[in-house]
Each structure stands twice: as structure tokens, then as C-alpha cells.
Amino acid sequence: MAVPAFQTSPGMRDILAPESARWRRFTQVFADVVEGAGYRQIISPIMEDLGVFTRIGEATDVVTKEMYDFVDKGGRHVALRPELTASVCRAFVEHRPVTPWKAWYSGSQFRYEKPQRGRYRQFDQVGIEALGADDPYLDVEVIALGWEFYRRLGLQQVRLLVNSLGEPDDRARYVEALRAHFAAAGDQLSEQSRVTLTKNPLRVLDSKRREDTTFVASAPTIDEFWSDAAAAHFEAVRDGLVALDIPFTVELKLVRGLDYYRHTTFEFQGLTLDSAQNALGGGGRYDGLVESLGGPPTAGIGFALGLDRTLLACDDEGTFPAPGATVDAFVVDTTGGREALVITAELRAAGLSADRAYEQRSMKAQMKAADRSDAALSIIVGTDELAAGTVTVRPMRGGEQSAVARADMVTTIQHLLSIHQNTEA
RNA sequence: GUGGGCGUAGCUCAGCUGGUGGUAGCGCCAGGUUGUGAUCCUGGAGGUCGGGGGUUCAAGUCCCCUCGCUCACCCCA
């Protein structure tokens, strides 16, 4: 038997440069936006007790069939986090920070699903959560930060959908109305939707099957069931969005997949992504989730934005490209490599980025490597330079090369780089 | 989880109805240029044709299984 060629597990992958640098920048841009609004980072464990996530809702697919759960060696039933809102609420209960508590996060999450483009078993999201404030204008702030993030990435083709699921009682009455409506359709409804109806009538609204479209279209809408308080809350949210000039569409049949939402829900759709995976991100208000995790009654709202799909949208719009990698200086040494070792260390100590070649390759090969590194300068050391105590500094993007005394090398290079930057700017 | 499509060098791909030695481009390495990259020329390395089994005188090409990717459903980021 030959040695097996290992591959990543299904739905999981390696992110190599330059895409990895793009991921890093993605998170950095997000952090800049939300830190500027008073949100502070939380780094939580990648797995939790299973119970933390079952509070998301026993009827959600995320809990019932997509959980990466197992029993560890201590007999604890744990799960890789399928989302981060529940973890953040668990942390809130555990640490009881002063409210309003505003946190942001980034990281991998796991759902055991059949992989598809833009849908992986290990996927990355960035998000924010604001706990302890029941204020419709906080809803607006949260939505606005998501909107601003897309703007910073350069995305234009994003649509914001908003809805309100009302208060728990409103929602319960609406669910009953939906159940009656779809039940009346009998077996004209698709078989799968009839199954969904028994578990979670709300999600029948999400069906994309042709048999269901007329019944979905004629279904009652949530606005008929809003209490006065719920209607007022949603009215304030819409008014706030208008005040901030954020365009939105009220979508009364917008049903998010997680059961804990009440009042405001919203979703950002990528208009260039015409596949079924067009949700770039979404969120909503989840007053009550903290309580279900053993904490005091606490209001909460937040969102999560998917990294993969957002980057696909960026690709489509030709924005936020992967940054190119470059280096200040590449050291070419034909005297054995010892000089290159010392010179790169000296340059790095001076705060410059420096790379070099290995294995004593030919000068031509080393120059080729210098070119490939996209270095601004190459620093050449041959037997002549070694004897004279100099190095040859060669600009790689045009200009004359020159001999420089070793003692003046760093300052000369710093000078050349600053000139170079000025001419490029 | 269900169904459709695909799987040939590091990458992008030729390979017609199974028939004599598996393409090409890019990339990589070396030489042309006894110290100078990005251009040009020449040469070279690199392939279990995803894996396994079967049909056949003969399989990259047909059949079955399997793995992976992809699209739709489901669901969602």
C-alpha cells in the first residue's frame, strides 16, 4: 500500500497566501469599524457544553442536525460552536459585565452540512452583540455598523431586508395563523413543507419549491399580529434607518433560521450572488436568550456576517482584492550565504523587511527570487563587495545600482525607500 | 440527508464514436549571458489520466463502487 494522500475533511480547507492576507485584512477592517463604535473584542472557546447551543431552539436545523457534537474524555457532551451569539450570551451570564455590553468577535464556526460554494462545514464570521439595552435606536446602530462595513469593503450591490417578528405572543399567534393557512392547502403543499409545518410553520415561508409558491404568497403576514408596542418599536427602527440614509426593504416574510429572534430581524443580501447562498449576513433582536441560559432578563441584539460569501461578493464587484506581498530588500549573496544571513538580520533589526535566497544558488537564480519577492531593492554581495567592505544596492523597479559601504547600508536603504514611496504616492 | 454535473502535470485545459508512444500554455529548474531579475531563445524536470474493481485482444475514453469538488433541494453565513 502506498502512503495515503491526506486531504482536508469535507467542507474544510486551507487558506494560503495571498487569500490568507485578505482574510486578515477583512477582520481588521471590521474591527476598525466596530471598535470605533465602542464594541470590544471577545475571544470565546471554540466549543461549549452542548446545552449552550440547544437553547438556540430545539426546532432549528442548526441544533437538530447540523451540530458537530461529541462526548469528550471526561464524559462531557460538548459541541463545536455552530454560531457565536449563544456563546456570547453564555459569557455574559458567566461574567455579568456592566450593561450595555457591546462585544465583537471573529472566528470559525462549524455546522455539519453538505458543503457547497459559499457554505462550508468550517466557516468564518464576524459579528457584534449588544446586551442589556432595549432601545430601537440600538437596533439601528447595529444595522448601520453592518452597512458601514460593507461600504468600507467597497461593496455596492447589497440589499438590506428588515422585518419584525413582534413580541413572543404576537409571534405565537402568527405561527398558529400560518399553521391554519398551510394546513388548508392540504396535500397540494409539497411533502417537505408539510413536514416543516409540523415542526416550525414559520419556515414554510422559506420554501423555494414551486408547488408552495402560491400558498406562501397568499399566507398571512406578521404585521397583522403586531402588538402596539411591537409596531411602535419597528416604526422607530425604520425611522432611524431613514434618518441615517440607509436604504432598506421591509420584507414581512423574512424568517431567520434561529428561533430566538423577536422584534427586529434583518438580513443583508448580496445581489451579485444569484445562487441560493445569497445571504451575506443577518441578525436581529433576541431578548430572552440570556434568560434561557440562566441569566437575568436581558435585551440583546446583534448580527453575524459571513466571511466567505462576503468575499465572493467582493470578487463579483471587483473590490477588496487580496493584497500583494512585498518586501523592502532581497539579499543576493554569491559568497556562500553567510553574508546574506548577517545582512538580512541587520536590516530586520533596523525595522526593514528583508528576505534572501538559500542553498547557494546561482546569481541569476537569486536575482529571479528577488524579482519574485517583489522587493523594492536587491542587496548584492559578491566577492568584490566582500573584499571592499561594500554592498551593491540595486533598485528593482528602475534606477541605477550603486556601491555602498557596509557601514552606510541601512541609512542608505532607508533613504532610498522613502524616496521610492514619495514618488509612488 | 436527497438528486444532477464534473474529476487528465503545481495551475488552466486538449484528447472525436475505446485502438499503435498521453496535449498545449502558464509556472518551476538549467543554459544562452564565467556576478544582475522582470523581455527573448534553447533544453529539462514534473502525470498512480481522483482511488478500487469489472467488461474487452485493447480503457483517460464503457460499466459498478468509492473519495472529492460543484449545482439544485434542504438550510443558512
Side-chain angles (χ1 to χ4, degrees), chain A residues 1-13 16 56 59-66 82-85 106-127 146 190-193 195-196 199-200 203-212 254-258 267-270 273-283 303-313 330 332-335 357 359 361-375 377-386 392-398 400-401:
Chain A
M1 278 292 278
V3 177
F6 289 111
Q7 297 176 283
T8 55
S9 290
M12 302 187 178
R13 65 254 207 259
L16 308 180
I56 294 168
T60 64
D61 287 353
V62 168
V63 171
T64 56
K65 61 180 195 188
E66 297 171 4
E83 58 127 49
L84 268 153
T85 302
S106 71
S108 289
Q109 286 135 78
F110 304 83
R111 291 182 196 170
Y112 194 90
E113 296 184 280
K114 185 138 180 176
Q116 234 178 79
R117 182 187 166 99
R119 184 174 76 178
Y120 302 95
R121 286 183 177 175
Q122 177 176 351
F123 61 101
D124 271 60
Q125 290 185 321
V126 294
S190 69
E191 192 177 331
Q192 287 177 64
S193 284
V195 174
T196 306
K199 295 189 296 190
N200 191 341
R203 258 212 311 288
V204 178
L205 293 175
D206 266 343
S207 171
K208 287 162 192 153
R209 286 172 295 272
R210 189 171 299 164
E211 318 91 274
D212 299 334
L254 174 67
V255 180
R256 305 279 312 153
L258 304 170
E267 182 169 304
F268 297 103
Q269 286 187 349
L273 274 50
D274 57 2
S275 70
Q277 272 71 48
N278 69 348
L280 299 179
F303 65 62
L305 312 180
L307 181 149
D308 293 295
R309 288 182 197 174
T310 303
L311 289 182
L312 287 175
F330 192 100
V332 172
D333 174 6
T334 58
T335 68
E359 299 179 321
R361 304 227 281 147
S362 70
M363 180 165 193
K364 178 171 177 163
Q366 291 191 51
M367 286 303 296
K368 220 173 163 180
D371 186 54
R372 202 159 30 220
S373 76
D374 200 34
L377 304 168
S378 58
I379 311 301
I380 302 166
V381 182
T383 47
D384 294 351
E385 286 87 349
L386 193 57
T392 296
V393 177
R394 177 180 173 83
M396 297 299 280
R397 300 163 200 167
E400 289 291 307
Q401 69 181 40

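The shown structure was predicted, so the numbers you read here are calculated from the model rather than taken from an experiment. Here is the naming used below: chain letters follow the sequence lines, and residue numbers restart at 1 for every chain.
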Among [options], find the nucleotide with the atom closest to the side chain of [X].
X: A279(A); options: U36(B), A72(B), A77(B); answer: A77(B)
X: R203(A); options: G37(B), C76(B), A77(B); answer: C76(B)
X: R119(A); options: C76(B), C74(B), C71(B); answer: C74(B)
X: Q192(A); options: U36(B), A77(B), C73(B); answer: C73(B)
X: Q7(A); options: A38(B), A77(B), C67(B); answer: C67(B)
X: E113(A); options: U36(B), G68(B), C75(B); answer: C75(B)
X: M367(A); options: G37(B), C75(B), C73(B); answer: G37(B)

Roughly how many Å apart are [M] and [N], using the [atom1] atom of each and rounding to a whole number?
N: G51(B); M: C40(B); atom1: C1'; answer: 43 Å
N: G22(B); M: U33(B); atom1: C1'; answer: 36 Å
N: U56(B); M: A45(B); atom1: C1'; answer: 36 Å
N: C65(B); M: C26(B); atom1: C1'; answer: 36 Å
N: C6(B); M: C49(B); atom1: C1'; answer: 15 Å
N: G21(B); M: A30(B); atom1: C1'; answer: 26 Å
N: A9(B); M: G50(B); atom1: C1'; answer: 14 Å
N: U17(B); M: G53(B); atom1: C1'; answer: 25 Å

Using a cut-off of less than 4.0 Å, is there contact between a side-chain N or O of [X] and OP1 or OP2 of [N]?
X: R372(A); N: G27(B); answer: no
X: Q401(A); N: U36(B); answer: no
X: S207(A); N: C74(B); answer: yes
X: R209(A); N: C74(B); answer: yes
X: R361(A); N: C29(B); answer: yes

Checking the side chain of [X] only, and the main-chain atoms of [Y] only, is there a donor and an acceptor separated by less than 3.5 Å?
X: R121(A); Y: E113(A); value: yes
X: S207(A); Y: V204(A); value: no
X: Q366(A); Y: D333(A); value: yes
X: R309(A); Y: G118(A); value: yes
X: Q116(A); Y: K114(A); value: no
X: R394(A); Y: S378(A); value: no

Review point. With no hydrogens and no angle check, do the side chains of S108(A) and Q122(A) hold a donor and an acceptor under 3.5 Å apart?
Key: yes
Taking [atom1] from [X] and [atom2] from [N], how many angstroms apart are they, rounded to a whole number?
X: K368(A); N: U36(B); atom1: NZ; atom2: P; value: 14 Å
X: N200(A); N: C74(B); atom1: CG; atom2: C1'; value: 14 Å
X: L312(A); N: C76(B); atom1: CG; atom2: C1'; value: 14 Å
X: R121(A); N: C75(B); atom1: CZ; atom2: P; value: 18 Å
X: L254(A); N: C75(B); atom1: CG; atom2: P; value: 14 Å
X: K114(A); N: C76(B); atom1: NZ; atom2: P; value: 19 Å
X: L280(A); N: C75(B); atom1: CG; atom2: P; value: 20 Å
X: E267(A); N: C75(B); atom1: CD; atom2: C1'; value: 12 Å

Is [X] touching bases, backbone alone, or none of the nucleic acid, heavy atoms closer than 4.0 Å?
X: E66(A); answer: sugar-phosphate
X: Q269(A); answer: nothing
X: G398(A); answer: nothing
X: A365(A); answer: sugar-phosphate
X: G382(A); answer: base

Revision key, fill the gap. Where RNA chain B forms runs of at least three Watson-Crick or G-U pairs (i with j, i+1 with j-1, under 3.5 Å), the stems are B:1-7 with B:67-73, B:10-12 with B:24-26, B:28-32 with B:40-44, B:50-54 with B:62-66
Review point. Do M12(A) and F110(A) come within less than 4.5 Å of each other through their side chains, counting heavy atoms only?
Key: yes
**Study point:** R397(A) and D374(A), any side-chain heavy atoms less than 4.5 Å apart
**Key:** yes
Exercise for review: Could you tell me whether the side chain of R117(A) has a donor or acceptor atom within less than 3.5 Å of a complementary atom in the base of C69(B)?
Suggested key: no
Point to revise | Pairing of D212(A) and R209(A) as salt bridge, 4.0 angstrom limit | key: yes
Review point. For RNA chain B, whose closest nucleotide is more 5', that of V204(A) or that of Y112(A)?
Key: Y112(A)
Practice item. By nearest nucleotide on RNA chain B, pick out whichever of D384(A) and T196(A) is the more 5' one. Key: D384(A)
